[in-house]
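Below is one structure, written out as structure tokens, with a few remarks after it.
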Amino acid sequence: MIMSRIEARRHEDTAVPGNLVDRLLAGLPAEAVLTDPDVTVSYANDMASFCPAGTPAVVVLPRTVEQVQHVMRTATELRVPVVPQGARTGLSGGANAADGCVVLSLTRMDRILEINPVDRIAVVEPGVVNATLSRAVGEHGLYYPPDPSSWEMCTIGGNIGTASGGLCCVKYGVTAEYVLGLEVVLADGRLMSTGRRTAKGVAGYDLTRLFVGSEGSLGVVVRAVLALRPRPPQQLVLAAEFASGAAACDAVCRIMAGGHVPSLLELMDRTTVKAVNDMARMGLPETTEALLLAAFDTPDPAADLAAVGELCEAAGATRVVPADDFAESELLLQARRLSLTALEAVSGTTMIDDVCVPRSRLGEMLEGTERIAEKYRLTIGVVAHAGDGNTHPTVCFDAADPDESRRARESFDEIMALGLELGGTITGEHGVGVLKKEWLAREIGPVGVEMQRQIKQVFDPLNILNPGKLF
């Protein structure tokens with residue numbers, strides 16, 4: 001996925017403590033410290049649009065916990081902000097640099113330290129790529145379920161920072177369900193362990209969950225203990241076509257109310273289907289208003305698909321096509337994974353919303369988004385993890401057109417307002433970052449914001465860890 005980026009601002013007069021680089025080099029190898037402005041500026045942004053970014057003073061790529069501790073001690077002593085980063089595939093500006101900061105890129109801490117089939121855990125460093133871990137545990141007959149769309153690039157540390165999800169959340173849950181314990185370097189360089197390696201454990205406050213989704217604002221994750229599951233059977237996929245988004249959402253409600261537990265339940269609207277066909281010539285049915293993909297990884301997936309197919313037909317599906325084999329299933333899933341890339345090709349730039357609503361109100365969310373697209377005269381494609389109500393309305397626009405860019409931003413905000421009106425949340429898996437700061441305040445209210453700021457103050461009293469994010 002290649003997202004259009006707003007070019008990072010470059011300020012040649014940024015104030016940087018004169019001995020910062022020397023102090024960093026005292027505990028780091030020279031190759032781990034990048035100072036060339038033409039190089040460091042490339043670390044300024046993640047993949048979000050409309051998110052300002054500053055100019056880093058230096059980029060550091062540590063390989064050990066001790067090196068991270070040295071960076072944080074130095075930053076604390078010199079009062080320099082630190083922005084932790086993974087692969088920068090985020091979509092909220094949460095990894096964007098601040099002026100004069102140390103960018104702490106953890107991508108070189110990429111070792112899988114342990115895979116334990118008995119305890120069903122993996123111990124990993126933060127720079128391990130999600131897909132790499134998934135394949136490694138698969139060799140032991142195990143399964144790490146969280147699978148963001150960027151799983152071939154995104155890192156476990158980034159997944160933990162944003163509490164990311166993926167296609168399988170409807171059955172298996174999000175990243176937070178799989179983080180058992182952490183080792184975290186605090187703002188002052190101290191190393192803290194949280195959580196456990198055991199299947200159960202309730203000792204003290206759950207600080208592990210506090211760090212999951214904190215976007216690097218409370219500490220730097222340097223090691224994680226992750227829960228694994230037995231590898232399930234290969235899944236079979238069913239595709240159902242509908243004459244309206246409302247009918248497809250009715251089918252989702254019927255499936256979930258019927259007690260079915262699909263491993264995947266995804267929705268693509270007409271705009272998205274057309275975009276995928278235009279880009280990849282996949283032969284998806286462009287006459288449909290909504291395409292629903294359901295999958296099961298049960299011992300008898302064909303029987304489960306047959307039952308779900310009947311529910312889709314009862315909801316008004318115009319056509320229901322179960323895949324004949326695993327290869328055909330994978331082809332359908334590939335179409336879904338291409339959705340965001342295909343929508344970017346429509347106008348050149350996209351803003352990807354991440355609003356999650358109760359499943360029972362998913363139809364209202366789709367209808368409201370369609371009205372917003374008409375109001376602002378924009379193409380807005382919707383893909384959704386329909387099984388858990390997590391929608392990704394994707395606003396397509398020309399970033400070179402100031403008026404179109406303004407309308408895109410306004411439509412984005414209106415979609416978030418709609419989500420809150422429907423009893424939802426402004427982010428189901430992408431995080432808050434810079435993009436949704438004002439909306440976090442609206443969702444959790446002034447008391448909620450104040451309590452979160454107080455928590456931040458406990459862990460980071462100097463406010464040097466990823467400042468300017470969340471609130």
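Nearest approach of Ala384 to Thr391, heavy atoms of both residues: CB-CA, 3.9 Å. The two residues Ala294 and Leu305 come nearest to each other via the heavy atoms O-CD2, 3.7 Å. Shown here for Ser92 and Gly431, the closest heavy-atom pair between the two residues is CB-O, 3.7 Å. Of all heavy-atom pairs between Glu215 and Asn466, the closest is O-ND2, 2.7 Å.
Between Tyr172 and Tyr143, the distance from one ring center to the other falls under 6.0 angstrom. A centroid separation of 6.0 Å or more is found between the aromatic rings of Phe412 and Phe397.
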Under the salt bridge (Lys or Arg N to Asp or Glu O under 4.0 Å) rule, what do Glu438 and Arg442 come out as? Steps first, then yes or no, please.
CA-CA 7 Å; Glu438 66 173 281; Arg442 296 192 197 190; 3.1 Å; yes

Are Trp151 and Val129 close enough, and set up right, to give a side chain to side chain contact (heavy atoms under 4.5 Å, CB included), and what steps lead you there? CA-CA 7 Å; Trp151 78 305; Val129 171; over 6 Å; no

Q. How far apart are the C-alpha atoms of Asp147 and Asn130, what are their side-chain angles, what is the distance that settles it, and do they pass the side chain to side chain donor-acceptor pair (under 3.5 Å) test?
A. CA-CA 7 Å; Asp147 62 341; Asn130 185 295; over 6 Å; no

* To do: Give the intermediate values and the outcome of side chain to side chain donor-acceptor pair (under 3.5 Å) for residues Asp304 and Thr298.
  => CA-CA 8 Å; Asp304 290 308; Thr298 53; 2.4 Å; yes

| task | In sequence, state the C-alpha distance, the side-chain angles, and the governing distance for Val59 and Gln85, and then conclude on side chain to side chain contact (heavy atoms under 4.5 Å, CB included). | result | CA-CA 10 Å; Val59 174; Gln85 288 184 350; over 6 Å; no

Query - Check against side chain to side chain donor-acceptor pair (under 3.5 Å), Ser263 and Gln235 - result: CA-CA 8 Å; Ser263 55; Gln235 60 186 356; 2.6 Å; yes

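Although no hydrogens or angles enter the test, the distance criterion places no donor-acceptor pair under 3.5 Å between the side chain of Arg229 and the main chain of Leu142. Between the Arg111 side chain and the Leu113 main chain, no donor and acceptor come within less than 3.5 Å of each other.
By the neighbour-count criterion of 12 heavy atoms within 6.0 Å, atom CZ of Arg319 is sparsely surrounded, having that number or fewer from other residues, nucleotides or ligands. Other residues, nucleotides and ligands place no more than 12 heavy atoms under 6.0 Å from the NZ atom of Lys274.
Interatomic distance, Ser411 OG to Glu374 CD, rounded to the nearest 0.5 Å: 13.0 Å.
Taking 4.0 Å as the cut-off between side-chain N and carboxylate O, Asp353 and Lys436 count as a salt-bridged pair. Under a 4.0 Å N-O distance rule, the pair Arg270/Glu241 does not qualify as a salt bridge.
Aromatic ring orientation, His392 versus His430: parallel (interplanar angle below 30°, classes split at 30° and 60°).
Each of Val179, Ile156, Val212, Val184 was compared with Val221 under the side chain to side chain contact (heavy atoms under 4.5 Å, CB included) criterion, and only Val184 meets it.
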